[in-house]
Amino acid sequence: MEPVPPVPRHGGNLQQAAALLGCRPSALLDLSASLVPFGPPASVRWALLQAQGFGPTSPLCVYPDRAQTALRQAIAGHHGLDPAAVLPGNGAAELFTWAARDAAALGTSLQPTPGFADYARALACWQAPVQPLPLRLDPWSAAPSPLLPALVDPAALDRGPVLWLTNPHNPTGQLWSRASLAPLLERCRLLIVDEAFLPLVPDGEAQSLLPLVAAHPQLVVIRSLTKLGAIAGLRSGYAVGQPERLARWAAWRDPWPVNGLAAAVVPALLADRRWSRRVQAWVAREGPRLQQALQRLPGLQPRASSANYLLLQADRSLTELQQRLLRHHRILVRDCRSFEGLGDRWWRLALPAPAGRRRLLAALDRELRCHPGRHA
Ligand SMILES: Cc1ncc(COP(=O)(O)O)c(C=O)c1O
């Protein structure tokens with residue numbers, strides 16, 4: 001019997017899939033992790049080369065600056081913030097752990113579902129209670145939308161002091177409007193907004209809650225740079241929040257949570273505005289293109305998305321099709337069985353580069369024609 005991959009809780013299990021298939025990871029088209037497929041940018045590659053150096057004081061050799069002074073300044077300068085309001089992290093995921101510790105001290109955390117699994121991991125570290133807040137899975141749009149009508153029970157917000165939001169949402173790609181999120185600040189004792197994918201969204205910054213942080217100590221915004229820069233292996237993200245809160249988090253962590261190479265590269269990535277514009281233009285162009293192409297395939301209903309991934313629903317289980325894509329075409333998709341409220345009729349697909357899009361569509365076309373009725 002053919003080996004079957006386990007149900008994933010995250011995308012990007014490239015090594016595991018390659019080992020299962022007995023191929024090199026580079027032979028796979030990975031659409032399970034939503035990274036920019038044509039990165040990292042030249043600015044990042046160059047900064048990394050310089051940072052490696054060979055001298056005894058290169059960032060590769062010495063301990064990173066524990067105060068992360070230059071890195072904080074670069075991030076703060078990028079957004080026009082006070083450096084004390086910025087805490088760089090080993091990816092956004094590391095920072096969720098500390099946000100969850102604060103959340104645990106305040107009571108129940110509310111989480112729109114289906115949603116990103118790592119918040120639950122972080123909250124479980126501190127035995128924090130979680131209450132799901134089911135989202136309506138009606139067709140949604142790529143444009144900024146108000147959050148409240150999408151929640152099945154907005155009244156639940158009155159009972160929860162802590163709310164975790166993802167903007168744009170993962171896995172739907174729905175962008176919540178700033179105007180609809182700002183009033184939540186009055187209702188929450190802690191509002192954690194994960195803007196991991198916002199830098200990739202065309203005009204996404206207009207919906208960011210970053211400008212509200214200084215006036216709202218109960219707000220924390222967490223950003224990732226691993227998607228924008230295609231540096232998931234290097235790891236980089238940051239939190240923006242009240243300086244006292246971030247100082248407390250810093251005291252909980254290990255002494256060098258951000259490696260020296262990431263610290264050296266991030267300022268170059270942030271300064272590369274051309275790269276951001278290129279990525280956003282690609283999302284604006286390729287997202288609708290992939291959605292329209294998938295729509296033409298029988299039984300598949302791809303949803304509109306503001307981000308560099310989209311959700312696809314089928315009229316029957318996609319599990320067999322998923323396994324055929326992997327085994328016969330070496331294409332890895334994000335199976336949604338681990339998302340509460342979704343299941344085996346759903347996939348999340350990262351936007352591929354044009355060659356990847358052609359490879360995906362040819363593979364789906366072939367499988368759906370050769371095996372009609374067996375799956376979507
Ligand atoms: C919504 C969301 N936030 C955060 C992360 C983690 O980002 P990082 O790689 O910076 O830890 C992911 C990773 O997939 C994600 O989907």
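Since we're looking at a predicted model, the values are computed, not measured.
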Contact check, side chains of [X] and [Y], non-hydrogen atoms, under 4.5 Å:
X	Y	answer
Phe116	Trp164	no
Ile331	Leu28	no
Glu340	Pro114	no
Leu290	Leu310	yes
Leu133	Leu157	yes
Leu135	Thr113	no
Asn170	Arg348	yes
Leu137	Trp346	yes

Start with the C-alpha gap between Arg277 and Gln280, add the side-chain angles, then the distance that decides, and say whether side chain to side chain contact (heavy atoms under 4.5 Å, CB included) holds.
CA-CA 5 Å; Arg277 284 197 298 273; Gln280 291 182 13; 5.9 Å; no
Pairing residues for His329 by the ring pair (Phe, Tyr, Trp, His ring centres under 6.0 Å) criterion, not counting sequence neighbours
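With neighbours one apart ignored, the set is empty.
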Taking only residues two or more places apart in sequence or in another chain, which ones pass ring pair (Phe, Tyr, Trp, His ring centres under 6.0 Å) with Trp126?
none
Look at the side-chain heavy atoms of Ile, Leu, Val, Met, Phe, Trp and Tyr, link any pair under 4.5 Å apart, and say whether [X] and [Y] land in one connected group.
X	Y	answer
Leu35	Val283	no
Val162	Trp252	yes
Val44	Leu71	yes
Leu228	Leu175	no
Leu198	Val220	no

List the residues meeting salt bridge (charged side-chain N to carboxylate O under 4.0 Å, His left out) with Asp153, not counting sequence neighbours, and say none if there are none.
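Counting only residues at least two positions away or on another chain, Asp153 forms a salt bridge (charged side-chain N to carboxylate O under 4.0 Å, His left out) with Arg159.
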Apply salt bridge (charged side-chain N to carboxylate O under 4.0 Å, His left out) to Arg369 and list each qualifying residue two or more places apart in sequence or on a separate chain.
Asp365
Under the salt bridge (charged side-chain N to carboxylate O under 4.0 Å, His left out) definition, can you give me all pairs with a residue in residues 95-114, not counting sequence neighbours?
Asp102-Arg245, Asp102-Arg248
Just verifying a value: how many Å separate [X] [atom1] and [Y] [atom2], rounded to the nearest 0.5 Å?
X	Y	atom1	atom2	result
Leu297	Glu367	CG	CD	12.0 Å
Leu20	Arg327	CG	CZ	9.0 Å
Leu342	Arg334	CG	CZ	9.5 Å
Arg178	Leu209	CZ	CG	7.0 Å
Leu332	Arg330	CG	CZ	12.5 Å
Leu147	Ser177	CG	OG	8.5 Å

Can you name the closest pair of heavy atoms from [X] and [Y] and give their distance?
X	Y	result
Gly55	Cys61	O-SG, 3.6 Å
Gly241	Val213	CA-CG1, 3.6 Å
Ala264	Pro267	O-CD, 3.7 Å
Ala103	Ser109	CB-OG, 3.6 Å
Gly237	Leu95	C-CD1, 4.0 Å
Pro154	Leu148	CG-O, 3.7 Å

Side-chain H-bond candidate by donor/acceptor type, Ser305 with Gln291, under 3.5 Å
no
Can you find a side-chain donor-acceptor pair between Thr97 and Arg121 that sits under 3.5 Å?
yes
Might you work through the side-chain hydrogen bond (donor to acceptor under 3.5 Å, both in side chains) test for Ser306 and Gln174, ending with a clear yes or no?
CA-CA 6 Å; Ser306 67; Gln174 176 66 65; over 6 Å; no
Backbone N or O of [Y] within a donor-acceptor pair of the [X] side chain at under 3.5 Å?
X	Y	result
Gln242	Leu219	no
His216	Leu212	yes
Thr166	Pro168	no
Asn308	Leu351	no

Return the set of residues passing side chain to side chain contact (heavy atoms under 4.5 Å, CB included) with Ala268 (not counting sequence neighbours), or none when no residue passes.
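Partners of Ala268 under the side chain to side chain contact (heavy atoms under 4.5 Å, CB included) test: Ala47.
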Please list, chain by chain and in numerical order, all residues satisfying side chain to side chain contact (heavy atoms under 4.5 Å, CB included) with Arg24, sequence neighbours excluded.
Ser26
Which pairs pass side chain to side chain donor-acceptor pair (under 3.5 Å) with one or both residues in residues 187-200, sequence neighbours excluded?
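Those involving residues 187-200 are Tyr119-Asp194, Asp158-Arg187, Glu195-Ser208, Glu195-Arg223.
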Taking only residues at least two apart or on different chains, which pairs with a member in residues 51-69 satisfy side chain to side chain donor-acceptor pair (under 3.5 Å)?
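Every pair satisfying side chain to side chain donor-acceptor pair (under 3.5 Å) with a residue in residues 51-69: Asp65-Thr69.
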Just do the side chain to side chain contact (heavy atoms under 4.5 Å, CB included) check on Gln322 and Trp347 with the steps written out, would you?
CA-CA 9 Å; Gln322 177 192 341; Trp347 284 347; 3.7 Å; yes
For Phe339 and Cys336, what are the C-alpha separation, side-chain angles and deciding distance, and is it a side chain to side chain contact (heavy atoms under 4.5 Å, CB included)?
CA-CA 5 Å; Phe339 281 105; Cys336 290; 3.8 Å; yes
Where at least one partner belongs to residues 67-95, residue pairs that pass ring pair (Phe, Tyr, Trp, His ring centres under 6.0 Å), sequence neighbours excluded:
His79-Tyr238
Ring pair (Phe, Tyr, Trp, His ring centres under 6.0 Å) contacts in which one or both residues fall within residues 273-311, not counting sequence neighbours
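Counting only pairs at least two positions apart or across chains, the ring pair (Phe, Tyr, Trp, His ring centres under 6.0 Å) contacts touching residues 273-311 are Phe38-Trp275, Phe38-Trp282, Phe197-Tyr309.
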Dump the intermediate steps for side chain to side chain contact (heavy atoms under 4.5 Å, CB included) on Val333 and Leu325, then the final yes or no.
CA-CA 8 Å; Val333 302; Leu325 274 191; 4.1 Å; yes
Any chance CH2 of Trp256 has more than 12 other-residue heavy atoms, nucleotides or ligands included, within less than 6.0 Å?
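Yes.
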Could you go through residues 83-94 and list every donor-acceptor pair under 3.5 Å that involves a side-chain atom there, pairing it with any protein atom two or more places apart or in another chain?
from: Glu94; atom 1: OE1; to: Asn90; atom 2: N; distance (Å): 3.1
from: Glu94; atom 1: OE1; to: Arg253; atom 2: NH2; distance (Å): 2.5
from: Glu94; atom 1: OE2; to: Trp98; atom 2: NE1; distance (Å): 2.9
from: Glu94; atom 1: OE2; to: Arg253; atom 2: NE; distance (Å): 3.0
from: Glu94; atom 1: OE2; to: Arg253; atom 2: NH2; distance (Å): 3.3

